[in-house]
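Order of listing sets the numbers, starting from 1, for every ligand and every atom in it.
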Amino acid sequence: MKKIGVLTSGGDSPGMNAAIRAVVRKAIYHGLEVAGIFHGYQGLIDGNIKPLERGDVGDIIQRGGTMLYSARCLEFKEEAGQLKAIEQLRAHEIDGLVVIGGDGSYRGAKALTKRGIPCVGVPGTIDNDIAGTDYTIGFDTALNTVIEAIDKIRDTATSHDRSFIIEVMGRDAGDLALWAGLAGGAETILIPEEPHDLEDMAERLKRGRDRGKKHSIIIVAEGVMSGQDLQVKLLEMGIETRVSVLGHIQRGGSPTARDRVLASQMGAKAVELLLQNNGGKAVGMRNHEIVAHDFEEVFEESPEFDNEMYKLSKELSI
Ligand code: F6P
């Protein structure tokens, strides 16, 4: 292995830059050349590729977003797109590739590995929805962003005796909503992994009001329903709420120390795997250790969901 490529793909997440930096520096440390592929798989197909030196990744560890830009690429899902990508990799003499992204990005990496270019996946997504890793890069930062928002909304909710619905991202996963709900002291948390009973929830809110608790925070994961839909349903049951959709602010911002460290460890591990010619793997963190699993295992397993944490959130929100 003489030269490796690195790209970011799918929704960006804070800490992707720290991962890029780790890949570039670790590779150079071990005598490899590095090519940066811009705009994800689309950039790979189009040959949007430039060499990266150690100085090119200076001053980025603290920045949100991704200096390589990101994209969701439909063309790459087809065989023709993948063959064009392989042609570009060969033309640029790239022997291995690090793909930083989520589940969809891993599927692309697996396809390229099958076509002869060893690829390693690094989990970059705020959703924390990838099997084989306890945490994904960006989750911790997004979580802190959500908590900051909850704290601010709680101030005004208390002043006005109001109930607020806060819609949180996460695609089909409820981790961001659950962790934020627990850390933010939410009265109710709705997540896709657990069934919900809106009538029971409305009753609890009413009972709370009768006891004198006039404000409350309801966290709803986008994978359950939108904040607006929930607002309409609750109004039909006599509960008035305000809605706040946090949206893409959850994807931005300077990464937390935890995300920077995780990204550095994972980016370095990806390079180690390529140096061992050990492609077709996804890097993860399990029980505080950096590990790697075959892509296949990651696709077959469902991301772990912490039932105990959900139970605790219910016990503490009585
Ligand atoms: O996967 C990250 C994520 O932010 C999800 O939480 C969300 O559902 C989705 O991406 C939004 O995608 P887009 O930025 O394309 O609207």
Side-chain angles (χ1 to χ4, degrees), residues 7-20 38-43 63-77 99-109 121-150 165-181 183-184 189-193 219-230 243-256 259 262-263 266 282-284 295 298-299 302-305:
L7 64 81
T8 48
S9 158
D12 62 348
S13 71
M16 278 185 163
N17 276 328
I20 295 166
F38 292 77
H39 295 282
Y41 288 116
Q42 192 59 55
R63 290 182 207 275
T66 159
M67 66 163 278
L68 292 177
Y69 303 93
S70 194
R72 302 189 198 274
C73 175
L74 289 179
E75 191 183 350
F76 186 73
K77 291 194 172 159
V99 172
I100 305 166
D103 189 70
S105 314
Y106 279 14
R107 290 183 193 275
V122 171
T125 166
I126 63 163
D127 299 338
N128 209 35
D129 61 346
I130 299 186
T133 188
D134 295 337
Y135 302 106
T136 56
I137 298 165
F139 174 66
D140 188 59
T141 308
L143 177 59
N144 280 286
T145 302
V146 177
I147 289 165
E148 207 186 315
I150 294 175
I165 296 169
I166 304 178
E167 183 193 309
V168 172
M169 276 187 172
R171 206 179 288 272
D172 301 322
D175 271 34
L176 197 51
L178 176 57
W179 282 64
I189 304 170
L190 301 186
I191 51 173
E193 292 85 350
I219 304 289
V220 60
E222 64 175 354
V224 175
M225 69 178 100
S226 72
Q228 276 89 359
D229 284 351
L230 181 58
V243 183
S244 194
V245 180
L246 300 187
H248 286 78
I249 62 160
Q250 293 162 99
R251 287 242 295 265
S254 176
T256 58
D259 272 331
L262 186 66
M266 288 181 162
V283 176
F295 282 132
V298 172
F299 299 144
S302 324
E304 257 174 45
F305 174 68

Tabulated below should be the N or O atoms of ligand 1 paired with protein N or O atoms at under 3.5 Å; can you produce that?
unit_1	atom_1	unit_2	atom_2	d
ligand 1	1 (O)	Asp127	OD2	2.6
ligand 1	1 (O)	Arg171	NH2	3.2
ligand 1	4 (O)	Arg251	NH1	2.8
ligand 1	6 (O)	Asp127	OD1	2.7
ligand 1	6 (O)	Gly170	N	3.1
ligand 1	6 (O)	Glu222	OE2	3.3
ligand 1	8 (O)	Glu222	OE2	2.5
ligand 1	10 (O)	Arg72	NH2	3.3
ligand 1	10 (O)	Arg171	NH2	3.4
ligand 1	10 (O)	Arg251	NH1	3.1
ligand 1	12 (O)	Arg72	NH2	3.1
ligand 1	14 (O)	His248	NE2	2.8
ligand 1	14 (O)	Arg251	NH1	2.9
ligand 1	14 (O)	Arg251	NH2	3.0
ligand 1	15 (O)	Arg72	NE	3.3
ligand 1	15 (O)	Arg72	NH2	3.3
ligand 1	16 (O)	His248	NE2	3.3

Q: Output, in order, the C-alpha distance, side-chain angles, deciding distance and verdict of side chain to side chain contact (heavy atoms under 4.5 Å, CB included) for Thr66 and Ile100.
A: CA-CA 10 Å; Thr66 159; Ile100 305 166; over 6 Å; no

(Q) Applying side chain to side chain contact (heavy atoms under 4.5 Å, CB included) to Leu178 and Glu193, what does each step give before you reach the verdict? (A) CA-CA 10 Å; Leu178 176 57; Glu193 292 85 350; over 6 Å; no

Q) Who are the side-chain contact (heavy atoms from CB on, under 4.5 Å) partners of Glu75, not counting sequence neighbours? A)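 If we apply the side-chain contact (heavy atoms from CB on, under 4.5 Å) test to Glu75, skipping adjacent residues, the hits are Gln42, Ile45, Cys73, Lys84.
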
Q: Test Val146 against Trp179 for side chain to side chain contact (heavy atoms under 4.5 Å, CB included), laying out the working first.
A: CA-CA 10 Å; Val146 177; Trp179 282 64; over 6 Å; no

Q: With the side chain counted from C-beta on, respond yes when Ile219 and Ile150 share a heavy-atom pair under 4.5 Å apart, and no when they do not.
A: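 A side-chain contact exists here, since the closest heavy-atom pair is under 4.5 Å.
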
Q. What heavy-atom pair brings Ile130 and Asp103 nearest, and what distance separates the two atoms?
A.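 Minimum heavy-atom contact is CD1-N, 3.9 Å.
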
